> 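Below you'll find the structure I mean.
Naming: A, B, ... by sequence-line order, numbering from 1 per chain. These figures come from a predicted structure and were not determined experimentally.
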Protein chains: 2
Amino acid sequence: MEANIESKFKAAVSVDNVVFGFDNNDLKVLLIYRGAEPYKDCWALPGDLISLDQDLEQSAENVLQNLTGLDNIYMDQIHTFGRVDRHPFGRVFTVAYFALIKIQDYMVKPSSWAEEAAWFPINEVPELPFDHMEILEYAKDLLKNKIRHQPIGFELLPKYFTLTEIQSLYEAILETQFDTRNFRKKLLSMNLIVDTGRQQKEVAHRPAKLYKYITKRYAQLQQIGFSFDL
Amino acid sequence: MEANIESKFKAAVSVDNVVFGFDNNDLKVLLIYRGAEPYKDCWALPGDLISLDQDLEQSAENVLQNLTGLDNIYMDQIHTFGRVDRHPFGRVFTVAYFALIKIQDYMVKPSSWAEEAAWFPINEVPELPFDHMEILEYAKDLLKNKIRHQPIGFELLPKYFTLTEIQSLYEAILETQFDTRNFRKKLLSMNLIVDTGRQQKEVAHRPAKLYKYITKRYAQLQQIGFSFDL
DNA sequence: AACACAAAGTGTGTAAATTACACTTATTCA
DNA sequence: TGAATAAGTGTAATTTACACACTTTGTGTT
């Protein structure tokens, strides 16, 4: 009854993460500067081979943990890429994930496979090795779709944020413009965010109210058939 | 510069297909009766190990081709499952796909790994081996979401179909009821289907008009910002 | 030929949601 | 104290969604 899988089926599997952040009205992606072959000295998506004793999800989280020191990050599996020739050293499948992080919380941390890590505005990404550009495009499309139907935009903002900030986040990702009054009306009518009573400080104009996102509220509303849409 | 990947990273990768069909007002899924270990003599999702010289997408299509003899099938990658212990013979990742087929076109074909294949109504699926039940649940959820935002329901219907048929397809998948008049109004207003002039024959009631789906139309409409929603 | 049966097919009024649109307010800085 | 900057706010018009019931067209039976 015990048996083994023939070695003619044995390939490597990696995870690659598309890590999004939002800052200064720009959607950004986190890239690492590769310190090892192949494609040494290139900017690339952070990723790693999966060792045999690690669950898939766990591996994806570890990559992120090593890189940012952050935990409890919103992550989602995107797609798996498996062209025969996608890796020069042999057959390597890669499972792509995307992660949304509050860029303000991000701390640089040394890692084994990266000499450096940096944020790139989504429209200023350099050439990427392997099929990483295809993965990134896939991730962007998914983010665009997902952000309209699930309240995940808040994952990219600080704990306290202004209505203008969330609007420009949506505008940056969806590459459109929204009418301010209508956008606010709709967003507030969902009861997912509340005015904290706090205000912006030291801005050279009328200070904006600071809101926060109520995680629990969404779960409750979903149960009564509510569906998020922006 | 040439190098190899260490064998401590080598695992097997398989594809598993969730094949949906629609018949007699029921959503159905195609299962095979396993002829080989592990889980010999169980009903399971059709799938196979990927050999090293085959692209991922290609493998998924081949599984379906072997099983049904059908080509040009709507397929979509669902998710990749990679729990360490999901396969008793070793580390096996599996990439799950779903396929939508016109059940009327389906022809039984012998295959190497299946003694038999059969359609099961979605609510009468037997116990499944591995994490196949989890995969099936995943596929059902995806189908539910996808069918509301993309015109993929037509892939499950014969070339010529009635409005009642497509309505009951939607009702079966989404597990809701639609108002006939409103459903038709909305569907027809999208201009994605047209009256062929043909009619049902030999039915013991007023014969329904037969419509067909215009594939090209959707591509055109998408470009001008149209979005499908039902 | 007439009638029963079965599912197909069709329109309108009402409520809700979406859109378009421009001025006033609060704060900093010179 | 005035200029600059972004925040904040309401209403009317249009569009879309929803609720709702009877007539039509065929088959099969007597």
> Against A/Tyr97, only a single residue in A/Leu64, A/Ile135, A/Asp76, A/Leu56 fulfils side-chain contact (heavy atoms from CB on, under 4.5 Å); can you say which?
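So, applying the side-chain contact (heavy atoms from CB on, under 4.5 Å) to A/Tyr97 and each of A/Leu64, A/Ile135, A/Asp76, A/Leu56, only A/Leu56 qualifies.
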
> When A/Phe154 is tested against each of A/Ile166, A/Ile214, A/Leu169, A/Thr215 for side-chain contact (heavy atoms from CB on, under 4.5 Å), which residue passes?
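Among the candidates, only A/Ile166 passes.
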
> Between C/dT27 atom C1' and A/Lys209 atom NZ, what is the distance in whole Å?
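Answer to the nearest Å: 15 Å.
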
> Mapping B/Lys185 and A/Gln200 onto DNA chain D by nearest heavy atom, which one lands closer to the 5' end?
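Final value for this comparison: A/Gln200.
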
> Can you figure out which of C/dT12, D/dA7, D/dT25 approaches the side chain of B/Pro207 most closely?
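Nearest to the side chain of B/Pro207 among the choices is D/dT25.
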
> Identify whether any heavy atom of B/Thr164 sits under 4.0 Å from a base atom; if not, whether one sits that close to sugar-phosphate; answer base, sugar-phosphate or nothing.
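Sugar-phosphate, backbone atoms only, no base.
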
> Hey, which sits more toward the 5' end of DNA chain D by its nearest nucleotide, A/Ala208 or A/Asp179?
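Closest to the 5' end, via its nearest nucleotide, is A/Ala208.
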
> Choose from D/dT5, C/dA7, C/dT10 the nucleotide whose nearest atom is closest to any side-chain atom of B/Arg184.
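Nearest to the side chain of B/Arg184 among the choices is C/dT10.
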
> Given C/dC21, D/dG28, C/dA8, which nucleotide is nearest the side-chain atoms of A/Asn182?
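For A/Asn182, the side-chain atoms sit closest to C/dC21.
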
> Indicate yes or no: does A/Arg83 engage B/Glu57 in a salt bridge with an N to O separation below 4.0 Å.
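Here A/Arg83 does not pair with B/Glu57 in a salt bridge, since their nearest N and O are not under 4.0 Å apart.
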
> Expressed in angstrom and rounded to an integer, what is the separation of A/Gln177 atom CD from C/dC21 atom P?
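It is 15 Å, rounded to the nearest whole Å.
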
> Compute both the distance and the angle, then confirm whether A/Arg86 meets the cation-pi test with A/Phe81: under 6.0 Å from the six-membered ring centre, within 45 degrees of the axis.
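Negative - A/Arg86 is either too far from the ring of A/Phe81 or too far off its axis.
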
> Figure out the CZ/C1' separation between A/Arg206 and C/dC29, and round it to whole Å.
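One finds 19 Å between C1' of C/dC29 and CZ of A/Arg206, rounded.
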
> For A/Lys212, does the NZ atom have more than 12 heavy-atom neighbours from other residues, nucleotides or ligands under 6.0 Å away?
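At most 12 heavy atoms, drawn from other residues, nucleotides or ligands, come within 6.0 Å of this atom.
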
> Nearest whole angstrom, please: distance from the C1' of C/dT27 to the CD of A/Gln199.
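For the pair A/Gln199 CD and C/dT27 C1', the rounded distance is 9 Å.
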
> Report the distance from atom CZ of B/Arg181 to atom P of D/dA21, rounded to the nearest whole Å.
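After rounding, the reported distance stands at 8 Å.
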
> How long is the line joining CD of B/Glu202 and C1' of D/dT25, in whole Å?
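The answer, rounded to whole Å, is 16 Å.
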
> A/Leu187 CG to D/dT9 P: how many Å, rounded?
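From A/Leu187 CG to D/dT9 P: 13 Å.
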
> Without decimals, in angstroms, what is the distance between A/Lys186 NZ and D/dT16 C1'?
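Checked: the NZ to C1' distance equals 13 Å.
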
